[in-house]
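The first residue in the sequence is number 1, and the count goes up from there.
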Amino acid sequence: MTQAGGVQSWCLGVTLQLIIAAVLHQGFATVAPPTTAHTTASPHKDPGRPEKINYFVNNTKGTCLMASMGIQLNVTFSSVSQNKTVHGVMNLKPNFTKSSGSCHATNATLQLTTDVEKSNLTFVFSLNTTSSKYHLSEVSLSAAWPDMKEPVSAVNSSLDYLRGTLGYSYMCREEQTLNVAPDLSINIFQVQVQPFNVTGDQFGAAEECQLDEDDMLIPIIVGAALAGLVLIVLLAYLIGRKRSHAGYQTI
């Protein structure tokens, strides 16, 4: 009886510790890390999370490229007001962003222009006809913000982001950072994009990114571990109860 009670107490203690650890882990996993302050002040303060915008590119056959995402530009430039190099952050806003582009057999272009901040951002997607896979292969930016001593121009034509399959859309709910050049990176939020084989004005079946799959896997693992621990406690309880009843049997 004492041994069975000890087993139950040990199992319950371990279960409580693991449950507390799992809850704390999940809490830490869902809380965004604190933003690191920049060493130099910026005329473009952190504008917060960008608003999600829908973009369409059309040709003679209808919609040929669709994209939906929030976009945040991170640009390093020489500031007129501060007379030093600073880091500026700007969100693309629906009312001030114009979209255009073109679609071809093996590449599709989405061009985003903002009149207020005088920025021109271009995404180029490439299609491998052999593997029927596409990816974001090039990003370029030209910007002439009011506080810039000189316009900023950056381009990278050897990228490999947002990989998808022909006929399907690429989707990622988690924030992603596209490192384009030393003075340019782009944060994208809740992205879904399909640059080829668009039917009507609807995205094809979504292929989710690895970040989303990993985020979903954590609660599944934690849940399975907790279920296993509950089963162990139940078995220990039943075994202990059986032994206690056996001790009172009449010989």
Phe56, CZ: over 12 other non-hydrogen atoms inside 6.0 angstrom: yes
Side-chain donor or acceptor of Tyr161 paired with backbone N/O of Asn179 under 3.5 Å: yes
One pair to check against side chain to side chain contact (heavy atoms under 4.5 Å, CB included): Leu73 and Leu141. What are the steps and the verdict? CA-CA 10 Å; Leu73 303 178; Leu141 173 73; 4.2 Å; yes
So, using side chain to side chain contact (heavy atoms under 4.5 Å, CB included) as the criterion, who are the partners of Thr122 when residues are at least two apart? Thr109, Gln111, Asn120, Val124, Ser140
Among Val191, Asn54, Val193, whose side chain to side chain contact (heavy atoms under 4.5 Å, CB included) with Ser68 holds? Asn54
Look at the side chain of Thr114 and the backbone N and O of Ser119, then say whether any donor-acceptor pair between them is shorter than 3.5 Å. yes
Disulfide (SG to SG under 2.5 Å) contacts in which one or both residues fall within residues 74-106, not counting sequence neighbours: Cys64-Cys103
For a 4.5 angstrom cut-off between non-hydrogen side-chain atoms, does Thr63 reach Val57? no
For the residue pair Pro47 and Gln72, what are the closest heavy atoms and their distance? CG-NE2, 4.1 Å
Tell me whether Asp147 contacts the main-chain N or O of Ser81 through its side chain, where contact means a donor paired with an acceptor under 3.5 Å. yes
Listed once per pair and sorted, the salt bridge (charged side-chain N to carboxylate O under 4.0 Å, His left out) pairs that draw on residues 177-193, sequence neighbours left out: none
So does Leu65 get a backbone contact from the side chain of Gln194, meaning a donor-acceptor N/O pair under 3.5 Å? no
Side chains of Asn74 and Leu184, heavy atoms from C-beta outward: is any pair under 4.5 Å? no
Is any side-chain heavy atom of Leu121 closer than 4.5 Å to a side-chain heavy atom of Val139? yes
Give the C-alpha distance, both sets of side-chain angles, the deciding distance and a yes or no for side chain to side chain contact (heavy atoms under 4.5 Å, CB included) between Phe77 and Lys149. CA-CA 8 Å; Phe77 62 93; Lys149 284 186 177 181; over 6 Å; no
For Asp115 and Lys118, indicate whether the former's side chain and the latter's backbone hold a donor-acceptor pair under 3.5 Å. no
Any donor-acceptor pair under 3.5 Å linking the side-chain atoms of Lys98 with those of Thr113? no
Please tell me if the side chains of Trp145 and Val75 come closer than 4.5 Å, counting only heavy atoms from C-beta onward. yes
Note: His104 and Phe196 closest approach over all heavy atoms is O-CE2, 3.8 Å
Roughly how far apart are Met66 CE and Asp201 CG, rounded to 0.5 Å? 6.0 Å
Looking at side-chain heavy atoms only, is the closest gap between Arg49 and Asn91 below 4.5 Å? no
Does this structure show an ion pair linking Arg163 with Asp160, if we count only N-O contacts that are shorter than 4.0 Å? yes
In terms of relative ring orientation, are Tyr134 and Phe125 parallel, tilted or perpendicular, with 30° and 60° separating the classes? perpendicular
Do Thr177 and Ile186 have side chains that approach each other closer than 4.5 Å (heavy atoms only, starting at C-beta)? no
What do the steps show when you test Ile53 against Tyr55 for side chain to side chain contact (heavy atoms under 4.5 Å, CB included), and what is the final call? CA-CA 7 Å; Ile53 308 175; Tyr55 303 106; 3.3 Å; yes
Whether the side chain of Gln82 engages the backbone of Lys84 through a donor-acceptor N/O pair (distance < 3.5 Å, no angle test) should be reported. no
Side-chain H-bond candidate by donor/acceptor type, Asn197 with Thr199, under 3.5 Å: no
One pair to check against side chain to side chain contact (heavy atoms under 4.5 Å, CB included): Asn156 and Glu138. What are the steps and the verdict? CA-CA 6 Å; Asn156 190 331; Glu138 180 179 326; over 6 Å; no
Between OH on residue Tyr170 and CE on residue Met69, distance to nearest 0.5 Å: 11.0 Å
All heavy atoms of Ala67 vs all of Leu110, minimum pair found to be CB-CD2, 4.1 Å
Does the Ser169 side chain pair with the main chain of Gly204, one donor and one acceptor, at a distance under 3.5 Å? yes
Using atom types as modelled and distance alone, determine if a side-chain donor or acceptor of Asn128 lies under 3.5 Å from a backbone N or O of Thr130. yes
